Amino acid sequence: MMIKKLMLPFIGCLMLLKLNAQTTLVAGDIAFTGVNSASNTTNDFVNTPQSESNREFCFILLKQVTAGTTIFFTDYGWRTDAQAFQSANPAGCTTPSGALTDGVVRWQANSTLPYGTQIVVRCVTNPKSNVGTATGTQGTFNSSTNFVTLASPGESVFAFTGSLATPTLLSGICASPNGWATALNNCDLSPTASSLPNVLNNSLNGNRNYAFAVLPPNGSGYCMRLKSTVRISTDPAVARATIYNASNWESNSASTAYSLPSNSGNVVLPVTFDEISAFAKNNRLSVQWKTTSETNCKEYAVEASSDGNDWISIGTLSSKATKGNSSSPLSYELAIDLSQITFSFAGLATLLLLARSRRKNYSILFLAVTVTVIFAGCAKDNDRETLTTSSKIFIRIAQQDIDGKINYSKIVQAVVE
């Protein structure tokens with residue numbers, strides 16, 4: 001009995017670590033939606049006015065990912081003499097040779113991100129991303145402060161997990177006017193060429209659309225993106241087929257960078273959110289939202305955060321749509337005392353959602369509460385925070401389908417009155 005008591009906190013912490021583990025990704029779990037090979041300030045999302053010049057690419061998540069999920073991106077060319085990336089100035093070759101202007105950028109999710117999230121990564125120098133965190137992890141042979149250079153007249157970008165030497169390839173895009181190279185050896189000196197890896201090759205993987213070549217017109221400064229009018233299905237296979245259809249893209253050769261992403265609302269979600277607002281007054285928080293349509297919708301969970309990264313569920317409302325389906329506007333409101341909202345530790349929202357979605361399964365509910373208590377003991381007391389009208393309050397709506405899938409609204413900050 002004593003051993004069980006001693007083991008309980010240990011098991012609880014292990015379970016928590018598992019809950020916070022990064023999402024395992026495979027080929028097709030992301031897709032590229034834009035590349036700017038021209039330096040620009042158009043997508044400077046840090047400075048006002050926009051002033052930092054850089055180049056960037058954009059990708060979309062075709063799977064929900066948890067905080068800590070990491071993806072690497074590179075413009076190293078893929079070889080045909082081996083299923084591997086080129087090396088930088090490899091031994092045994094005529095100097096200089098290989099990939100001299102290619103590098104690696106790491107992107108990491110800072111919070112759970114839903115299917116359909118589009119992420120822009122500025123990647124040449126001082127990498128940044130509009131969602132999550134981008135970091136340069138391997139500079140080029142020619143310059144340690146340059147990473148993914150996106151050289152003109154357009155080159156290839158790959159997404160992978162693991163390491164550059166033994167990567168698990170997720171997706172690829174070729175922005176070269178010459179398309180995928182038919183021959184590329186380790187000693188070949190080419191800043192833009194890349195072959196198509198077998199694992200991403202449509203003809204070898206059942207036409208699953210893991211990689212794509214956008215063939216722009218001849219010129220320099222190749223920029224391209226998915227058209228803003230394109231709508232992306234919530235079915236990943238259908239989404240990839242739509243994204244990697246050349247007719248759904250626009251490109252130019254005038255060194256004119258596009259705004260990325262072309263449209264953050266590209267994804268066709270089960271619920272179309274209209275207005276979302278939140279107000280805090282007299283220690284009460286009121287959250288209001290409207291939907292213009294609902295499909296297969298079960299309920300909504302209102303989630304709050306004090307920093308925009310760690311979220312807790314503060315209340316739920318069932319869908320007003322008949323059998324979860326409606327083509328007419330519907331309005332919702334949830335009001336709660338701010339004193340009831342306390343952030344004690346990361347992961348609480350996940351546990352509460354688990355317990356809420358299985359109310360009739362008392363054993364699972366008991367387990368969720370037990371793990372919550374265990375981790376509360378592991379957390380530091382000074383990590384606890386109760387919201388007040390002087391706090392920053394961020395709100396998002398988690399919409400749950402009848403089949404259990406969860407989609408998120410945009411994030412809004414509560415207005416204090």
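Small disclaimer: the values here were computed from a predicted structure and weren't measured.
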Side-chain heavy atoms of [X] within contact of [Y], under 4.5 Å:
X      : Y      : result
Ser339 : Asn283 : yes
Ser331 : Lys290 : yes
Leu164 : Thr74  : yes
Val148 : Val124 : no
Ile395 : Leu285 : yes
Tyr408 : Gln399 : no
Phe394 : Trp311 : yes
Asn146 : Phe141 : no

[Y] backbone acceptor or donor facing [X] side chain under 3.5 Å:
X      : Y      : value
Asn36  : Ala38  : no
Ser409 : Ile397 : yes
Asp307 : Asp310 : yes
Ser228 : Ser262 : no
Glu155 : Leu150 : yes
Ser171 : Tyr210 : yes
Gln83  : Asn198 : yes
Asn202 : Asn209 : yes
Gln400 : Lys298 : no
Asn47  : Ser51  : no

[X] side, atom [atom1]; [Y] side, atom [atom2] - distance, nearest 0.5 Å:
X      : Y      : atom1 : atom2 : result
Thr69  : Asp29  : OG1   : CG    : 10.5 Å
Glu52  : Asn40  : CD    : CG    : 10.5 Å
Phe59  : Thr117 : CZ    : OG1   : 9.5 Å
Ile402 : Cys297 : CD1   : SG    : 7.5 Å
Thr112 : Gln64  : OG1   : CD    : 6.0 Å
Ile232 : Gln118 : CD1   : CD    : 5.5 Å

Any chance you could lay out the side chain to side chain contact (heavy atoms under 4.5 Å, CB included) test for Lys128 and Phe45, step after step, and finish with the verdict?
-> CA-CA 9 Å; Lys128 296 181 178 69; Phe45 40 75; 4.1 Å; yes
Using every non-hydrogen atom in the two residues, find where [X] and [Y] come nearest and quote the distance to one decimal.
X      : Y      : value
Val105 : Ala134 : CG1-CB, 4.3 Å
Glu294 : Ala321 : OE1-CB, 3.6 Å
Trp180 : Gly172 : CH2-C, 4.5 Å
Leu334 : Gly315 : CD2-CA, 3.8 Å
Ser152 : Thr192 : O-CG2, 3.9 Å
Leu169 : Pro197 : CD1-CB, 3.6 Å

Distance alone, cut at 3.5 Å: any donor-acceptor contact between the side chains of [X] and [Y]?
X      : Y      : value
Thr66  : Thr23  : yes
Ser318 : Glu299 : no
Ser143 : Thr145 : yes
Ser203 : Asn201 : yes

For a side chain to side chain contact (heavy atoms under 4.5 Å, CB included) with Val214, tell me which candidate from Glu250, Met224, Arg225 qualifies.
-> Met224
By salt bridge (charged side-chain N to carboxylate O under 4.0 Å, His left out), which residues pair with Asp337, not counting sequence neighbours?
-> Arg284
For the pair Phe212 and Trp249, name the ring-plane relationship: parallel under 30°, tilted 30 to 60°, perpendicular over 60°.
-> tilted
Evaluation steps, side chain to side chain contact (heavy atoms under 4.5 Å, CB included), between Asn110 and Thr133 = CA-CA 7 Å; Asn110 294 336; Thr133 302; 3.0 Å; yes
Test side-chain hydrogen bond (donor to acceptor under 3.5 Å, both in side chains) applied to Thr149 and Asp75, step by step | CA-CA 7 Å; Thr149 58; Asp75 53 352; 3.2 Å; yes
Step-by-step side-chain hydrogen bond (donor to acceptor under 3.5 Å, both in side chains) determination, Ser286 to Glu333 | CA-CA 7 Å; Ser286 174; Glu333 180 177 10; 2.9 Å; yes
Given the side-chain rings of Tyr300 and Trp289, with only the six-membered ring counted for Trp, is the space between their centroids under 6.0 Å?
-> yes
Assess whether side-chain hydrogen bond (donor to acceptor under 3.5 Å, both in side chains) is satisfied between Thr140 and Asn142, documenting all intermediate values.
-> CA-CA 5 Å; Thr140 70; Asn142 287 345; 5.8 Å; no
Can you list the steps and then say if Lys410 with Ile276 is a side chain to side chain contact (heavy atoms under 4.5 Å, CB included)?
-> CA-CA 8 Å; Lys410 67 179 182 180; Ile276 302 175; 4.2 Å; yes
Ring pair (Phe, Tyr, Trp, His ring centres under 6.0 Å) involving Phe85 - partner list, sequence neighbours excluded | Trp78, Phe158, Phe160
Is Lys63 atom NZ crowded by more than 12 heavy atoms from other residues, nucleotides or ligands, each under 6.0 Å away?
-> yes
With a cut-off of under 6.0 Å to the ring centre and 45° to the axis, is Lys320 in cation-pi contact with Tyr332?
-> yes
Does the pair Glu56 and Tyr258 meet the rule for a side-chain hydrogen bond (donor to acceptor under 3.5 Å, both in side chains), with working shown?
-> CA-CA 10 Å; Glu56 57 273 320; Tyr258 288 111; over 6 Å; no
Apply the test side chain to side chain contact (heavy atoms under 4.5 Å, CB included) to residues Phe147 and Thr125: give CA-CA distance (whole Å), side-chain angles for both, the deciding distance (0.1 Å), then the verdict.
-> CA-CA 6 Å; Phe147 299 95; Thr125 59; 5.8 Å; no
